[in-house]
Amino acid sequence: KATVSVLYWLLIIMSRKEFYATRIIRGVFTDTTIRVYQAYNNEIADAALKAQTFVEPWKSTRTTWIKPSMIWMGYRCGWGHKDKNQKRVLAIDMNLEGFYTLVKMASVHEGSSLKADKNPVVVQWDPERLLSESYDASESYTEKQPLTRSIQIGIKPGATDLFQKHIVAITDVTETFNAIYTLMEQKDIDGAKALLADEQKLPVPEDVYELLHMSSEIKKRPSAESSVGGAEAAAEAPVAEVETSTT
């Protein structure tokens with residue numbers, strides 16, 4: 001019990017703002033492609049599946065968010081049960097070089113207004129989720145992992161054409177997402193976990209790693225007084241938690 005208590009308080013302390021959480025990209029990828037997820041209504045999903053790209057009634061004039069994490073997509077759309085506009089879940093395989101091209105155009109959103117950001121792509125690092133029997137459908141049967149961040153990529157209208165250009169395939173994975181929801185309703189967490197994708201850490205180029213403020217370990221932030229660059233460096237440090245992504 002003493003060991004559990006020490007570990008618990010260690011996690012609480014290290015989740016505070018003076019610590020960086022890990023920031024790595026996890027997903028399903030090959031040497032040439034990476035899979036990201038989006039959720040839509042029936043009309044948009046059917047049109048995209050038929051065309052194998054996004055066409056009307058999908059709007060290229062709106063910011064569109066992609067997520068490599070299957071479980072974060074499940075959390076966001078309630079495994080396809082949140083509402084009619086997130087009823088269908090699509091897995092989009094895109095060219096890996098195109099993915100890197102997009103994120104190289106990004107700024108990292110740290111809590112300021114998205115509208116004020118002039119970059120055509122924006123990245124958010126939100127707390128990763130894990131399946132959990134301790135949480136109900138209101139949390140999509142998931143719990144927050146404060147020491148691990150999951151990347152969400154917002155593609156603004158100025159970059160949606162580039163996103164579409166690098167789409168390799170679009171697959172309907174709604175049935176799998178619905179099955180995970182049903183298994184969690186039935187308290188079969190092992191069965192639900194078995195349906196999750198085998199996501200691995202994506203090796204990224206050094207310039208992408210630095211641009212996206214990535215970190216493969218939990219570490220203490222430098223203070224404004226002791227860090228090189230003082231207050232300016234401290235201002236660039238990632239904030240604790242931001243969860244404002246939309247699908």
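Note that these values count all heavy atoms, side chains included, but never hydrogens, waters or copies made by symmetry. If you're wondering where the values come from, they're calculated on a predicted model, not measured in any experiment.
- A heavy-atom distance below 4.5 Å is not found between the side chains of S150 and W125.
- For the residue pair Q86 and K82, the shortest heavy atom distance occurs at NE2-CD, 3.5 Å.
- Heavy atoms only, all atoms of each residue included: I170 and A48 are closest at CD1-O, 3.9 Å.
- Note that CD of E133 and CE of M184 are 6.0 Å apart. Values are rounded to the nearest 0.5 Å.
- Applying the salt bridge (Lys or Arg N to Asp or Glu O under 4.0 Å) test to every pair with at least one member in residues 31-47, sequence neighbours left out, gives these pairs: R35-D93, D46-R88.
- Between R129 and E139 there is a salt bridge, since a side-chain N of the basic residue sits under 4.0 Å from a carboxylate O of the acidic one.
- The backbone N or O of V122 sits nowhere less than 3.5 Å from a side-chain atom of K156 that would complete a donor-acceptor pair.
- In this structure, the side chain of W72 does not engage the main chain of K67 through any donor-acceptor pair within 3.5 Å.
- For the side-chain contact (heavy atoms from CB on, under 4.5 Å) with F99, the lone residue among I25, V204, T33 that qualifies is I25.
- Between P120 and A159 the shortest heavy-atom distance is O-CB, 3.9 Å.
- When the side chains of ILVMFWY residues are joined at heavy-atom separations under 4.5 Å, either directly or via intervening members, I167 and L162 end up in a single hydrophobic cluster.
- No chain of hydrophobic side-chain contacts below 4.5 Å, direct or via other Ile, Leu, Val, Met, Phe, Trp or Tyr residues, connects F163 to V55.
- Residues P127 and T148 form no side-chain contact, since every pair of their non-hydrogen atoms from C-beta on lies 4.5 Å or further apart.
- No more than 12 heavy atoms of other residues, nucleotides or ligands sit less than 6.0 Å from atom CD of E175.
- Residues L90 and V168 fall into different hydrophobic clusters, defined by Ile, Leu, Val, Met, Phe, Trp and Tyr side chains chained together at heavy-atom separations under 4.5 Å.
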Open item on the list: Test side-chain contact (heavy atoms from CB on, under 4.5 Å) on L212 and V103; report intermediate values, then the result.
Closed with: CA-CA 8 Å; L212 300 185; V103 297; 4.2 Å; yes
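- With a 4.5 Å cut-off on side-chain heavy atoms, I155 and T63 do not count as touching.
- To the nearest 0.5 angstrom, L102 atom CG is 10.5 Å from K165 atom NZ.
- Inter-residue side-chain proximity for V123 and S107 is flagged as unmet; no heavy-atom pair is nearer than 4.5 Å.
- Under the side-chain contact (heavy atoms from CB on, under 4.5 Å) rule, I180 has a single partner from L196, D188, I71, which is L196.
- You'll find the side chain of W65 reaches within 4.5 Å of the side chain of Q124, heavy atoms only.
- Closest non-hydrogen pair, A192 versus L131, comes out as CB-CD1, 3.9 Å.
- Considering all non-hydrogen atoms of both residues, A39 and M73 come closest at CB-CE, 3.8 Å.
- For the pair L202/I34, a side-chain contact is recorded, criterion being any heavy-atom separation below 4.5 Å from C-beta on.
- Below 30°, between 30° and 60°, or above 60°: for Y181 and Y141 the angle between ring planes is above 60°, a perpendicular geometry.
- With sequence neighbours excluded, the residues that form a side chain to side chain contact (heavy atoms under 4.5 Å, CB included) with N178 are H81, T174.
- Considering all non-hydrogen atoms of both residues, S215 and Y209 come closest at CA-OH, 3.4 Å.
- Side-chain N/O atoms of Q38 and T64 include a donor and acceptor closer than 3.5 Å.
- Inter-residue side-chain proximity for Q145 and L130 is flagged as met; some heavy-atom pair is nearer than 4.5 Å.
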Task: side-chain contact (heavy atoms from CB on, under 4.5 Å) between K193 and I189, worked out - done: CA-CA 6 Å; K193 285 180 177 179; I189 190 169; 3.8 Å; yes
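- Here the side chain of N41 pairs a donor or acceptor atom with the backbone of I44 at under 3.5 angstrom.
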Open item on the list: Before you tell me yes or no, could you show the steps for S69 and E128 under side-chain hydrogen bond (donor to acceptor under 3.5 Å, both in side chains), namely the whole-Å CA-CA distance, both residues' side-chain angles and the distance that decides it to 0.1 Å?
Closed with: CA-CA 8 Å; S69 170; E128 183 58 284; 3.3 Å; yes
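- Between the side chain of N119 and the backbone N or O of V121 there is no donor-acceptor pair closer than 3.5 Å.
- Between M70 and T176, the closest side-chain pair of non-hydrogen atoms falls below 4.5 Å.
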Open item on the list: Would T160 and R62 count as a side-chain contact (heavy atoms from CB on, under 4.5 Å) here? Give the steps.
Closed with: CA-CA 9 Å; T160 51; R62 297 181 59 184; over 6 Å; no
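- Hydrophobic clustering, with ILVMFWY side chains joined whenever heavy atoms are under 4.5 angstrom apart, groups I153 together with V208.
- A distance-only check finds a donor-acceptor pair linking the side chain of S132 to the backbone of S134 [under 3.5 Å].
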Open item on the list: Before you tell me yes or no, could you show the steps for V173 and Y37 under side-chain contact (heavy atoms from CB on, under 4.5 Å), namely the whole-Å CA-CA distance, both residues' side-chain angles and the distance that decides it to 0.1 Å?
Closed with: CA-CA 9 Å; V173 291; Y37 297 94; 4.3 Å; yes
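- Hydrophobic cluster membership is shared by L49 and I66, with clusters built from Ile, Leu, Val, Met, Phe, Trp and Tyr side chains linked at under 4.5 angstrom.
- Ring centroid separation for the pair F54 and Y40 comes in under the 6.0 Å cut-off.
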